[in-house]
Protein chains: 2
Amino acid sequence: MAPSDLPAEPTQARRFGKARSAQSTALLEDYAELIADLLAGEGEARPTDIARRLGVSHATAIKAIARLKREGLATARPYRGVFLTDAGMRLAERVRVRHRLVVDVLVALGVPAEAAEQDAEGIEHHVSDATLAAFSRFLEHL
Amino acid sequence: MAPSDLPAEPTQARRFGKARSAQSTALLEDYAELIADLLAGEGEARPTDIARRLGVSHATAIKAIARLKREGLATARPYRGVFLTDAGMRLAERVRVRHRLVVDVLVALGVPAEAAEQDAEGIEHHVSDATLAAFSRFLEHL
DNA sequence: ATGAAAGTGTAGCCGTGGCTACACTTGCTG
DNA sequence: CAGCAAGTGTAGCCACGGCTACACTTTCAT
Ligand SMILES: [Mn+2]
Ligand SMILES: [Mn+2]
Ligand SMILES: [Mn+2]
Ligand SMILES: [Mn+2]
């Protein structure tokens, strides 16, 4: 395989930088989406349930929830479960739609269902609005 | 939008766990790919050039290079530039092919060129072999 | 051959996101 | 209503991936 031609330096740096910043919001997005799902499906979102679903220790989940609070996305009082602020709910909603869309596109491209779900969990955090729009058009036009 | 039905707990935990582990190899993959490109295009891969292209400080790049060495992907002697081991070159090659394929699929779906390049930089690290295979078939069958 | 500029390396700081261990609260069950 | 199991919170550890500051080496022009 031929080596890729190197993009201009500032262009490449900008691409990597944006990928890094997308990375840093990925965790918040997953928590927000999961908390919204738990609230809708179970009526409550407890740190232990969040932790089990994410596959991390409850201590890890509690620290992440503290970060959600710090960023104005969630509220929680000791021993009383986690809730989303308006901003948190808006984020969760956006994330849910995007997640769904990514899975649907992958499946439409012939990716097996479980692989699609799996890969979407990571891919979703790197899909820009432009790409999202293209995905929508692709699915409609199917 | 209707709330997604919650997947079974162990399934969901496995998905998140795999996404986390993909995340932890993303940085290695980007460095390996970039070093290979620099070696092919410029004949050498110097820490400063690597750093500038990634948009990080040279100190950050040097620490990452230390990790590449630790993991058996690169070699470097003080003041003499960075090289890839056989394992490093194999990784770089795999990563380059996958990167290209992701960009091509995005473009084929109607994503504008620069957005495709941008999003691919993050997406590539979360594309499984099954998805990669589906992408190939999709492009051929075009 | 020397001095300045460019590159390199190291030390030490920070925030994040994992973990375990331990202490405390809650809520259910007998 | 007592006690136990489950859940919660906190402390303290670690690795990673950013950063700045500073010291050292190399390279290149004069
Ligand atoms: Mn996700
Ligand atoms: Mn998701
Ligand atoms: Mn990348
Ligand atoms: Mn790449």
Side-chain angles (χ1 to χ4, degrees), chain A residues 9 13-35 38-39 42-71 73-83 121-122 125, chain B residues 9 13-35 38-39 42-71 73-83 121-122 125:
Chain A
E9 212 172 79
R14 190 166 18 78
R15 287 180 195 161
F16 281 121
K18 284 203 192 153
R20 277 194 302 275
S21 93
Q23 188 41 52
S24 91
T25 64
L27 185 120
L28 278 325
E29 294 180 344
D30 283 336
Y31 271 82
E33 184 185 12
L34 176 56
I35 290 168
L38 285 170
L39 287 173
E42 316 282 323
E44 60 177 354
R46 300 183 312 164
T48 298
D49 295 331
I50 296 169
R52 266 204 305 263
R53 296 205 107 91
L54 287 168
V56 299
S57 75
H58 82 277
T60 296
I62 284 174
K63 279 213 284 191
I65 292 163
R67 192 180 155 205
L68 286 175
K69 288 202 272 184
R70 218 185 322 135
E71 313 229 351
L73 298 169
T75 59
R77 294 187 333 290
Y79 299 95
R80 286 288 99 106
V82 183
F83 299 90
E121 203 50 76
H125 308 288
Chain B
E9 212 173 79
R14 191 167 17 79
R15 287 180 195 160
F16 281 120
K18 285 203 192 153
R20 276 194 303 274
S21 93
Q23 188 41 52
S24 91
T25 63
L27 186 120
L28 277 326
E29 293 180 344
D30 282 337
Y31 271 82
E33 184 185 12
L34 176 56
I35 290 168
L38 285 170
L39 287 173
E42 317 282 323
E44 61 178 353
R46 300 183 313 166
T48 298
D49 295 332
I50 296 169
R52 266 204 305 262
R53 294 205 108 90
L54 286 168
V56 298
S57 74
H58 83 277
T60 296
I62 284 173
K63 279 213 285 192
I65 292 163
R67 192 181 155 205
L68 286 174
K69 290 202 271 183
R70 216 184 323 134
E71 313 230 351
L73 297 169
T75 58
R77 293 187 333 291
Y79 298 96
R80 280 301 168 265
V82 183
F83 299 91
E121 203 50 77
H125 307 288

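Residue numbers begin at 1 in each chain, while the letters A, B, ... track the order of the sequences. Keep in mind the model is a prediction, meaning the values are calculated, not measured.
- For the pair B/Y79 OH and D/dC24 P, the computed distance is 10 Å after rounding to whole Å.
- Between A/R46 and the phosphate of C/dT25, there is no side-chain N or O to OP1/OP2 separation shorter than 4.0 Å.
- Each of A/R20 and A/D49 lies near DNA chain D, and the nucleotide nearest A/D49 is the one positioned closer to the 5' end.
- Of the residues in residues 54-70 of chain B, those with a non-hydrogen atom less than 4.0 angstrom from any atom of DNA chain C are B/H58, B/A59, B/I62, B/K63.
- The CZ-P distance, from A/R52 to D/dA6, rounds to 10 Å in whole Å.
- In terms of phosphate contacts, A/T48 brings a side-chain nitrogen or oxygen within less than 4.0 Å of OP1 or OP2 of D/dT8.
- A distance of 6.0 Å separates CD of A/E33 from CD of A/E121, quoted to the nearest 0.5 Å.
- What separates CD of A/E29 from P of C/dT16 is a distance of 16 Å, to the nearest Å.
- The interatomic distance linking B/R53 (CZ) with C/dG7 (P) rounds to 14 Å, in whole Å.
- A side chain to side chain contact (heavy atoms under 4.5 Å, CB included) with B/I35 is found for one member of B/L73, B/D30, B/V82 and no other, namely B/V82.
- For residues 52-61 of chain A, the salt bridge (Lys or Arg N to Asp or Glu O under 4.0 Å) pairs, not counting sequence neighbours, are A/D49-A/R52, A/R52-B/E9.
- The separation between A/R80 atom CZ and C/dG27 atom P is 5 Å, rounded to whole Å.
- Atom-to-atom distance recorded for A/R46:CZ and A/H58:NE2 is 12.0 Å, nearest 0.5 angstrom.
- Atoms CZ and OG1, on A/R20 and A/T25 in that order, are 14.0 Å from each other to the nearest 0.5 Å.
- By the side chain to side chain contact (heavy atoms under 4.5 Å, CB included) test, B/L54 is found to be paired with A/F16, B/Y31, B/L34, B/I50, B/V56, residues two or more places apart in sequence or in another chain being considered.
- In this structure, A/E44 atom CD and C/dT26 atom P are separated by 15 Å, rounded to whole Å.
- Distances shorter than 4.0 Å separate none of the side-chain N or O atoms of A/R77 from OP1 or OP2 on D/dG9.
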